[in-house]
Amino acid sequence: MKNTISILEHKNTKIVAHRGLSGIEPENTNLAFVAAGNRSYFGIETNIHVTKDGRFIIHHDDNTQRMSGESYIIKQTDYDTLRKLQLKPRYGDDRNDITMPDLTDYINICKNYGKVAVIELKNAMEPKKLYEICETIEALEYFENTIFISFEYQNLVYVREKYADANL
């Protein structure tokens, strides 16, 4: 395993790989998550959106333009269309296998590498969808190793209402 940076020698410091190891691989992709998993990070952060058909997809922006060159608004696009979308490689490599992960992909990678999952809940979400996210993570037996963050305070309130012990 590669050391992340020397600051990790301090016991009270925890480093989280933002959008995976996005300096090496395309952000918020399985490639970036595995690259972070292979290093000494405490956790791996990601962003989750709800698609038009109510499923969960990993991506930072509300629109896919920056990462794919094609413009789809995530909340207005179905899951299957987004999963088939080819994302740009980090360094211009000729690749066509980089796609948007889903929640299960991300949690399984965090679990496989023993990393804390740090999930940013993007945009305001209905309580039902937030509970589905939590239930998915529980079914994968990784809820205790997950931290939820959000710029939408109400998302965290809803999670706390049903999951008193959730890490927020």
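Values in this document were obtained by computation on a predicted structure and should not be read as measured data.
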Counterpart residues, salt bridge (Lys or Arg N to Asp or Glu O under 4.0 Å), relative to D105 (two or more places apart): R83

Working note: T64 + L85, criterion side-chain contact (heavy atoms from CB on, under 4.5 Å); need CA distance, chi angles, decisive distance, verdict. CA-CA 9 Å; T64 62; L85 189 63; 3.6 Å; yes

Taken to the nearest 0.5 Å, the spacing of K52 NZ from D80 CG works out to 12.5 Å

Enter the distance from I98:CD1 to S68:OG here, rounded to the nearest 0.5 Å. 12.0 Å

Minimum-distance pair of heavy atoms, taken over all atoms of N123 and E152: C-CG, 3.4 Å

Look at atom NZ of K88 and say whether more than 12 heavy atoms of other residues, nucleotides or ligands are closer to it than 6.0 Å. yes

Does a salt bridge link K129 with E126, judged by any charged N lying under 4.0 Å from a carboxylate O? no

Heavy-atom donor-acceptor pair, H59 side chain to M100 backbone, under 3.5 Å: no

Between S71 and N63, is there a side-chain donor-acceptor contact under 3.5 Å, judged purely by atom types and distance? yes

With a 4.5 Å limit on heavy-atom distance, are the side chains of F56 and D102 in contact? no

Just verifying a value: how many Å separate L121 CG and Y153 OH, rounded to the nearest 0.5 Å? 14.0 Å

Is I58 linked to Y113 within one hydrophobic cluster, defined over Ile, Leu, Val, Met, Phe, Trp and Tyr using a side-chain heavy-atom separation of less than 4.5 Å? yes

Return the minimal non-hydrogen interatomic distance between I74 and I57, and the atom names on each side. CG2-CG2, 3.8 Å

Applying salt bridge (Lys or Arg N to Asp or Glu O under 4.0 Å), can you list everything that pairs with E120, at least two apart in sequence or on another chain? K122

Hydrophobic cluster identity match, Y131 and I137, side-chain contacts under 4.5 Å: yes

Within one Ile-Leu-Val-Met-Phe-Trp-Tyr cluster: L82 and L31, side-chain cutoff 4.5 Å: yes

For V159 versus L130, what's the shortest heavy-atom pair and its separation? CG2-CB, 4.2 Å

Step-by-step side-chain contact (heavy atoms from CB on, under 4.5 Å) determination, T81 to Y72: CA-CA 9 Å; T81 299; Y72 292 97; 3.9 Å; yes

Parallel, tilted or perpendicular, as decided by the 30° and 60° cut-offs, for the rings of H60 and H18: perpendicular

Side-chain heavy-atom pair K75, D62 within 4.5 angstrom cut-off: no

Are a donor atom and an acceptor atom from the side chains of N30 and Y106 found within less than 3.5 Å of each other? no

Linked, directly or transitively: M125 and I73 (ILVMFWY side chains, under 4.5 Å): no

Kindly give the heavy-atom pair with the smallest separation between I147 and V116, and that separation in Å. CD1-CG1, 3.8 Å

Would you find a donor on one side and an acceptor on the other, under 3.5 Å apart, between the side chain of T99 and the backbone of K84? no

If every non-hydrogen atom of T51 is compared with every non-hydrogen atom of D78, which pair is closest and at what distance? CB-C, 4.4 Å

What pair of heavy atoms forms the shortest contact from R19 to A32, and how long is it? O-CB, 3.7 Å

May I ask you to test the I133-L103 pair for a side-chain heavy-atom distance under 4.5 Å? yes

For T46 and V118, what are the C-alpha separation, side-chain angles and deciding distance, and is it a side-chain contact (heavy atoms from CB on, under 4.5 Å)? CA-CA 6 Å; T46 197; V118 180; over 6 Å; no

Is V34 close to I109 at the side-chain level, that is, under 4.5 Å between some pair of heavy atoms? yes

Can we call the ring centroids of Y163 and F143 under 6.0 Å apart? yes

What distance do I107 atom CD1 and I48 atom CD1 have between them, rounded to the nearest 0.5 Å? 8.0 Å

So, does N167 use its side chain to make a donor-acceptor pair with the main chain of T146 at under 3.5 Å? yes

Using a strict 4.0 Å threshold on nitrogen-to-oxygen distance, state whether R66 and E27 make a salt bridge. yes

Check the pair N108, L140 against side-chain contact (heavy atoms from CB on, under 4.5 Å), reporting the backbone distance first and the verdict last. CA-CA 8 Å; N108 282 330; L140 294 167; 3.9 Å; yes

How long is the straight-line distance from CD1 of I24 back to CG of N38, given to the nearest 0.5 Å? 10.0 Å

What is the distance from atom CG of D97 to atom CD of Q86, rounded to the nearest 0.5 Å? 7.5 Å

Is the positively charged end of K111 above the ring of Y142, judged by distance under 6.0 angstrom from the centroid and angle within 45° of the axis? no

Answer with yes or no whether the hydrophobic clustering places M67 together with F33; edges join I, L, V, M, F, W, Y residues whose side-chain heavy atoms lie under 4.5 Å apart. no

